[in-house]
Amino acid sequence: MKKQIVNVDHVKQVNSATVYRIIDQQGPISRIQVAEQTQLAPASVTKITRQLLAKKLIKEVAQQASTGGRRAISLMVEEQAFHFVSLKLGRGCADIGLFTLGGSLAASEHLAFDALDDEPVADELTRLLKRFIQSHAKSLQLIAIAVTLSGLVNPGEGLVVYTPHYRLRNYPLAQRLQNVFSLPVYLGNDTRAAALAEHYYGATKDSLDSVLISVHGGTSAGIIINGEVFMSQHRDVGEIGHIQIDPFGKKCHCGNIGCLETLVSNPAIIEQVETMLTQGSPSSLSVDELSIESICNAANEGDLVARQVLVRTGQMLGRAIAIMINLFHPQKVVLTGELMCAKEIVLDSINQCVEHQALASFRDNLPIVQAEVVDQPAWGGVALVKRALLNGELLQTLLNSDDE
């Protein structure tokens, strides 16, 4: 009997999510059209939409043109009734954003973050979130908190398995924050969340299968298969930065030798330029003022040192991308990171390498493009909340909540 109740609840969640997803993707849309698209009974659609309307998750809008009978009322997702908070924890900093359900940014802050160990990190995150909510969302109805960070994450259990910037190991961060704020908390790897954000809002909206490569302090990948983040038993995959590229190269922080991110990452690129400058290579760059932006600008202006390093960076990255193409046969590859300031140089090197190392049938007509969702660092968390609505997890929580 208990199993039957669980199954009924699951069916309700699936059906509600299906209706909400169709309205989100195709609205304005009538109830009859929703029933046709979902193949649910019209009475079921009417019941579900009545619940969604009561909870202010959808709204009725102007009537559609008549086709000869009573004109149908259209339905759309309500984007302004609820807000949520998204936090991206970076190296020594935290970016926090307040968003509407439609993904509009209502407020944001970029803050220093100095804690290192597990409990101090959780305490500092709690303090920053409390202060942000008090400052920007005190009178708003918050429905969730999303947190993204680099490293290995178990989203299903809300665990930070490992992060390179902080001493968090198998730490139940989502549950810790949920206990404090009494809100659903969604935890994810920042690159995987960014790949999902591109799928929902950016460069891969037109693709069910894609790979996003992120080059920042390290190098990682987010893989989308059939519109979902590719995972392994609720654990992260896609650590492209630890593919061995140079067996005689530098030791990586992971313990291996010659990993991709020892050659392709912001620190690695700066180090390579610095080495060439100290060896006397002529350049417009100065050792004291090196940054990825200055290196990209110099390369764009024809600086030979900067250009040589970025060409080699593109070649190394191209090798790894060719492997990803051969493994996953994506419809599109997306790149994000500061080195995209010199995207023509980098993409040209990548494409040349892919041309030689990826399977011809997999690489033909394969776009390799720059990411579009890059302006707001906390945007990855928006995708986590969006996914929780579309798969019914957060949607069902809101439908089951008591009215205030």
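Just so it is clear, the structure is predicted and the values come from calculations on it, not from any experiment. In what follows, every heavy atom counts, from backbone to side chain, and hydrogens, waters and symmetry copies are set aside.
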- Parallel, tilted or perpendicular: ring planes of Trp379 versus Phe99, cut at 30 and 60 degrees: perpendicular

- Item | Partners meeting side-chain contact (heavy atoms from CB on, under 4.5 Å) with Ala388 (sequence neighbours left out) | Tyr186, Leu394

- Message: Please enumerate all residues that pass ring-ring contact (aromatic ring centres under 6.0 Å, His included) together with Tyr200, with sequence neighbours excluded.
- Response: none

- Go through the structure and list residues passing side-chain contact (heavy atoms from CB on, under 4.5 Å) with Gln25, not counting sequence neighbours. Arg21

- Item | Any pair counted as salt bridge (charged side-chain N to carboxylate O under 4.0 Å, His left out), so long as it reaches residues 168-188, sequence neighbours left out | Glu119-Arg176, Asp123-Arg176

- Message: Could you work out, with ring-ring contact (aromatic ring centres under 6.0 Å, His included) as the rule, every residue matching Phe328, not counting sequence neighbours?
- Response: Phe230

- Asp246 meets the side-chain contact (heavy atoms from CB on, under 4.5 Å) criterion, sequence neighbours left out, with Phe248, Leu263

Can you give the donor-acceptor pairs under 3.5 Å from side chains of residues 309-325 to other protein atoms, not counting sequence neighbours?
from   : atom 1 : to     : atom 2 : distance (Å)
Arg312 : NH1    : Gln272 : OE1    : 3.4
Thr313 : OG1    : Val309 : O      : 2.8

- Return the set of residues passing ring-ring contact (aromatic ring centres under 6.0 Å, His included) with Tyr20 (not counting sequence neighbours), or none when no residue passes. none

- Which residues pass the side chain to side chain donor-acceptor pair (under 3.5 Å) test with Arg50, sequence neighbours left out? none

- Test side chain to side chain contact (heavy atoms under 4.5 Å, CB included) applied to Pro377 and Asp95, Thr148, Asp190, the passing residue: Asp95

- Just jot down the side chain to side chain donor-acceptor pair (under 3.5 Å) partners of Ser291, sequence neighbours excluded, or say none. Ser294

- Please list, chain by chain and in numerical order, all residues satisfying ring-ring contact (aromatic ring centres under 6.0 Å, His included) with His83, sequence neighbours excluded. none

- Task: Only counting residues at least two apart or in another chain, list the ones meeting side-chain contact (heavy atoms from CB on, under 4.5 Å) with Lys250.
- Result: Thr262, Glu271

